[in-house]
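Here is the structure we will look at, set down as C-alpha cells.
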Amino acid sequence: MAPPKISDWTKAKNGTNANKSPLKFDDFGIYMRHKQSKLVEICKDKVDNALPQIFKDCICYINGYTSPDPRELAEIISSRGGVSIQFLNGKTAVTHIIATQLTPRKMEEFRKCKVVKPQWVVDSAAAGKLLPIFDYSIIDLAGNNMTLKLTKPVQMKQPPHKAGQDSDNFILQFYAKSRLHHLSTWKSELKHHFQSHVTEYMTQKASSSQKDRQIIAHIDFDCFFASVSLLKFPHLAQKPVCVTNSTSTTGNSSADIASCNYIAREYGITNGMWLGKARQLCPDLQCLSYDFEAYETASKALYDYILNIGVDAVLPVSVDEVLVDISSLCYARVNGEVSLADAAHQVAQEMRQHIFESTRCTISVGIGPNVLCAKVALRRAKPDGYVVLLDSASIDQELGACSLKSLPRIGPSLSAKLSQNLNAHTLSDLRAYTLEQLQKCVGSRTGEVLFKYCRNEDDTDIRIIPDRKSVSADISWGIRFNSLQETENFMRSFTKEISRRLKEINMKGSFLTVKLLIRAKDAPIESAKHLGSGKCDSITRSTPLYMYTDEPDYIFSYAWKEVLAVNAPPEELRGIGLQITKLVHQDYEDKQQRLNFALLEEKGKNNKRKSGSDDCDIPSQIDLAVLSQLPPSLQEEIRKRIRLGKVVDAGHKEIEDSPIQVPSQIDPLVVAQLPHEIRKAIEKDIATRGEKCDVLPRLSQVDQEVFDALPEHIRQEIMNEYDREEKEVENEKEMAADTEINDEVTLSQWTILKEGLGENISWEIFITLPKSVQVQTICEHHELKKRHKAVGQKPGMRDTFAKLKGMRMNEDDFDNFLSGWVEARKDIGPDYETEKVIGKYISDLIDIEGNRSTAINGVKWLDILLKGCGNQLWHTTIKRLQRTVIDKTGCEVIF
DNA sequence: TGTATATCTTGG
DNA sequence: GCCCCCCAAGATATACA
Ligand SMILES: Nc1ccn([C@H]2C[C@H](O)[C@@H](COP(=O)(O)OP(=O)(O)OP(=O)(O)O)O2)c(=O)n1
C-alpha cells in the first residue's frame, strides 16, 4: 500500500460547501446494518431439509460483486446446510471465499483459504454435491491470481522481504503496515494543510477573538481505530476487541495493540499493549485488522465538519483528534437567554451529533478557556460525551485533582521527576512551590509551564503552526544485517526514501543526521518482540551537505560516510534513522537563483565593463571539492565567469586535488543565501589567498525584498553573520597588538585570525604557507574589518529612518513608528536595517538625551505588539534591542 | 553571555 | 509466520567561545 496521503483534504470553507458532507457514511452505516440483519434472516429461515445438505461443513464468505448476486448465493448455500457470511468477523475459520476477483491485498489476506468463483456454488447445488474447486479457483496453480494477471503479478507465497536484500520492497511493505508511520504522516499532512488555511481565517479573526476570552474545544474520536474497524463487524461491537497486525488466534503474541474498545479496557487492556499480554487479561479478546483507508475517511469527515462550521483556528493533533478555537462560534450565540456556557454546550452537542451521523463513530468533546482545560475536560468527557469547563470554580476543582501524568506535556519522565523530587502527584500538590523551585527541578521553560498549569493557565496558542524544520525517516523493526553489503543495500534504498519524501513536499535540505540503533551489550541477540529492536544504544552523527539537495545518491554518499564512521558490526544494527534539516522550499531556491542571476547580469553590465574585462577580476585557486558542493546552477555560473574550459564532474572524489580558478567577486546575494558551511568554505578560500575580497556582502548590498523572500532560518543565519562581524569590529583594538608579525605567526595570533578567516582552515595548513602569504592574509584580515567599520558608520538611510533620526520624537511618535514597522512586517519578520537604526536611536536616547523611559517603553511596546507572533526573527530582534537597553542603562531587570 | 549541536521527552 | 517499535517539535544538556 502506498504511504498515506491526504491530498484531497477538504478545501471547502464556510459558506460555499456548508452542511454538504461529501460522505454518505450515515447511509452507509445503516445499509451495512440492514444487510447484516437480512443475512441473519436468510440463514435462519431458508434452511430447507428437503435439499441435500451439501454445504453443511462450509462457512462461506461472499466477497464483493458476484453473479449470481450475494443474496442469491447466500440463499443457495444456507438452504443446503451451509453458513454464508458477508462480513468477516476477523477470526472465524472461513472455509471458502466466494469471489469473482480479489485485490492483491485481499489475496494476501485469504491466502490460507479456498477462493472459488460463484459458479462453484451454483454448479455444486445443481450437481447435488460439492464439486472439486480446482476448476473454479481464481488462483492458478502457479500461484498467480488469474483475474489480475494482466495487470500485475501477485506474489502469493513469497517469503517476506528482507531489509538487507530486498530493501526497496522491505521499506515499502514496512511503512504500508506501520500504524505509527501512518499516524505521523497523517499529522504532518494535516498540519501542513491547516497551516495555509488558518492564516486566511486568522487575519480577520485574530483581533476580535483576542479581546474576548478564548474558547477552545478538544475533539477526539473514542477508541478511534477500534471504532472504525468495528464498522465492518458490527456484531462484535459488544465484545472486547482490539486492532492489531497479528493474525494468530492464540499464543503469546508480541504484536502491538493499536487501539482497543472500552469493553476491552475493563479488563485492563490498553493501547500499545502487546497482544499476548492482553490475551492473558482477556482470553475472549477479538482481533480486528487495520483499515487505514477507513480511518482516513472518518478523519476527513471530522475535519470537513470543523471547517464548515467556521471555527477561528484549527490545530490538528492527530488523525482523530483536533483542537479548535470556537470563540466566535460561541459568542455569536450568546444573548439574553443563552449564556456562554450554554452556547458551548450547544456547539458540543451539535458536533457530536453530526459526526456520529456522518461516521457512525462517537467523538468526545472537552471545552475550556485554554488548551489545558480543554484537555482535562476531554478526559472527563470520555467516552462518548462532552464536558464544558468554563467557570473558575469547576476548573479549580477538576484541574487540582488531576494526576500530573494525565496533563499535556507531562509524560512518564517528567511525572517521575516531580513525584520523586517534589513528592507531587497532582496539580494542587505543585501549587506549594515557587517558580524558581519548579524551574530548578525541571528546567526553566518546563518550570514556567508547570507554574502556569497550577494557576489554570496555559499559553499554548493553537493559531501558530510553525514551518516544517525537518524531514526524517526511521526504521527500527526488521533490521537484521549479515554483512556490510546488506547495510549498504538498505542505506541506498533508505536514502531514496528520504529523497522521495523531500521531493513530495518540494523541499531540499543542507544538513544530515544519521541515527544508528545498536544492540545494547546486555540485550539478548533476539529481542522479545519478533524482529524488534530490543534495548539499544543510540548513536547519532551529523554532517553538513554543503548544498540544498534532495538527490538520493548525493545524500547517500554523506550518509554512508557517517555509517562507516560509527564502525558498528552490521549484525548488531537494530535500527536506522535519517533526518534532513536546514530546509528550503524548492520554490524559493528556483526563484532566488533566477533573481540572482538577473542581478549578476545587471552587475556585469554596470561594473565590469569599465575594468576592461568581462571576466572575473582576480582569478584564483579554490578547492574543487568546494566548488562541486555548490548548487549546480551556481557552479555553472562560476564556470561561466571564469571561462573554465571543461565541465566539472559532480562526483568530486576523483578530482578533489585539481585546483581550478574561481572569481574573487561572487555576487553577494548568492553568497548570502548559501548555507553557512559553504560561505565559510569560500571565505576560507579567499582569505587564504590573501586577496582583498569581502565575502560577506555589505548590508546595503542586500536587497531587502530578496532578503524577505528567504526562508526564516536563512535570514536568521545571515543576520547572525552581521552580528558576528560587528563584534569583531569592537574587538579590534585588543587584537591589533597581537597581529604584529615578526618572524613567526604565533598560535595565539592564529586563534584570533581564525575567526575572521573561517574556522575550517587549520593551523597546520596555515603554517605551511609562504611567509608573504601569511602576512598578506593577516593584513587582509584587518582591512576587512576596517571596511566593515566604515559600513557600520554610515548605514544607508531611507526616508523613514531619516525621520526617526532627525525628528525629536515624543514617546507616542516612537511607539507609532514601532507599530507601523510591526504592522508592515509582522509576517515576514523585521528588516535588519530598521532594527539597527532603532538600536542606534534608543542608544542615543539613553546616552545623549538621558531619556531612558522612552527607550524602555518603546522596546516593551514592541514586545507587546508581537506577543503570540510565531516569527522567531521578531523575538530575536526584541531580545537584541532589550539587550541594548540593558547594556546602556546598566539595569538588568527591566524586562 | 551567547551559539550550535546532541540528546531526551512527548504524543498519538 | 512470527511482526511491521514513526516522526516531528520543543526543551534541556553539553561543548565551546
Ligand atoms: N500506542 C498507541 C496509541 C494510539 N494509537 C492509534 C490508535 C488509536 O485509535 C489512535 C488514537 O489514539 P488515542 O490516544 O486517541 O486513543 P483511542 O482513540 O484509541 O482511544 P481514546 O478513546 O482513549 O481516545 O492512535 C496507536 O496506534 N498506538
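Scope of the values below: all heavy atoms of this structure, side chains included, with no hydrogens, waters or symmetry mates. In what follows, chains carry the letters A, B, and so on, assigned in the order in which the sequence lines appear, proteins first and then strands, with residues in each chain numbered from 1. Because the structure is a prediction, the values reported are computed rather than measured.
A:D320 comes within 4.0 angstrom of the backbone, heavy atoms only, and of no base. Counting non-hydrogen atoms under 4.0 angstrom, A:A258 reaches nothing in the nucleic acid. Base engagement by A:S476 is indicated by at least one non-hydrogen atom pair under 4.0 Å involving a base atom.
In this structure, CZ of A:F194 is placed 19 Å from P of C:dA8, rounded to the nearest angstrom. When the P atom of C:dC7 is taken as reference, atom NE2 of A:H182 falls 11 Å away, rounded to whole Å. Straight-line distance from the CG atom of A:L190 to the P atom of C:dC6: 20 Å, rounded to whole Å. Atom-to-atom, OH of A:Y175 to P of C:dC7 comes out at 4 Å; the value is rounded to the nearest Å. Atom OH of A:Y290 and atom C1' of C:dC5 are 11 Å apart (whole Å). Rounded to an integer number of Å, the gap from CG of A:D467 to P of C:dA9 is 9 Å. To the nearest angstrom, P of C:dC7 lies 6 Å from CG of A:D474. Atom CZ in A:F221 sits about 19 Å away from atom C1' in B:dG11, given to the nearest Å.
Contact check, A:S472 against C:dA8: a side-chain N or O comes under 4.0 Å of OP1 or OP2. Distances shorter than 4.0 Å separate none of the side-chain N or O atoms of A:S444 from OP1 or OP2 on C:dA11. When the side-chain nitrogen and oxygen atoms of A:S178 are compared with OP1 and OP2 of C:dC5, one or more of them lie within a distance under 4.0 Å. For the OP1/OP2 pair of C:dC7 and a distance below 4.0 Å, the side-chain nitrogens and oxygens of A:R501 include at least one atom meeting the criterion. Listed pair A:K469 / C:dC7 fails the phosphate criterion, with no side-chain N or O lying under 4.0 Å from OP1 or OP2. Between B:dT7 and A:T540, a contact under 4.0 Å exists linking OP1 or OP2 to a side-chain N or O. At C:dC3, one or more side-chain N or O atoms of A:S246 fall inside 4.0 Å of OP1 or OP2 (strictly under the cut-off). Considering only side-chain N and O atoms, A:K582 lies under 4.0 angstrom from the phosphate OP1 or OP2 of B:dT5. Listed pair A:H181 / C:dC7 meets the phosphate criterion, a side-chain N or O lying under 4.0 Å from OP1 or OP2. Checking the phosphate oxygens (OP1, OP2) of C:dC5, a side-chain nitrogen or oxygen of A:R179 falls inside 4.0 Å.
Within the 4.5 Å cutoff, the side chain of A:S178 has no heavy atoms near those of the A:L183 side chain.
Listed nucleotides C:dC7, C:dC4, C:dA9 differ in distance to A:Q173; the shortest reach to its side chain belongs to C:dC4. The A:R445 side chain lies nearest to C:dT12 when the options are C:dC6, C:dT12, B:dG12. The side chain of A:K529 has C:dC5 as its nearest neighbour among B:dG12, C:dC5, C:dG10. With C:dC4, C:dA11, C:dA9 as the choices, the nucleotide that has an atom nearest any side-chain atom of A:S470 turns out to be C:dA9.
Across every non-hydrogen atom of A:K529 and A:S254, the tightest pair is NZ-O, 2.7 Å.
Using a 30° and 60° split on the angle between ring planes, A:W186 and A:Y295 fall in the perpendicular class, above 60°. In this structure, A:F224 and A:F221 have tilted ring planes: the angle between them lies in the 30° to 60° band. Using bins of under 30°, 30° to 60° and over 60° for the plane-to-plane angle, the ring pair A:H181/A:Y175 lands in the tilted bin. Classified by interplanar angle (parallel below 30°, tilted 30° to 60°, perpendicular above 60°), the ring pair A:F490/A:F481 is tilted.
Side-chain atoms of A:S184 and base atoms of B:dG12 include a donor and an acceptor less than 3.5 Å apart.
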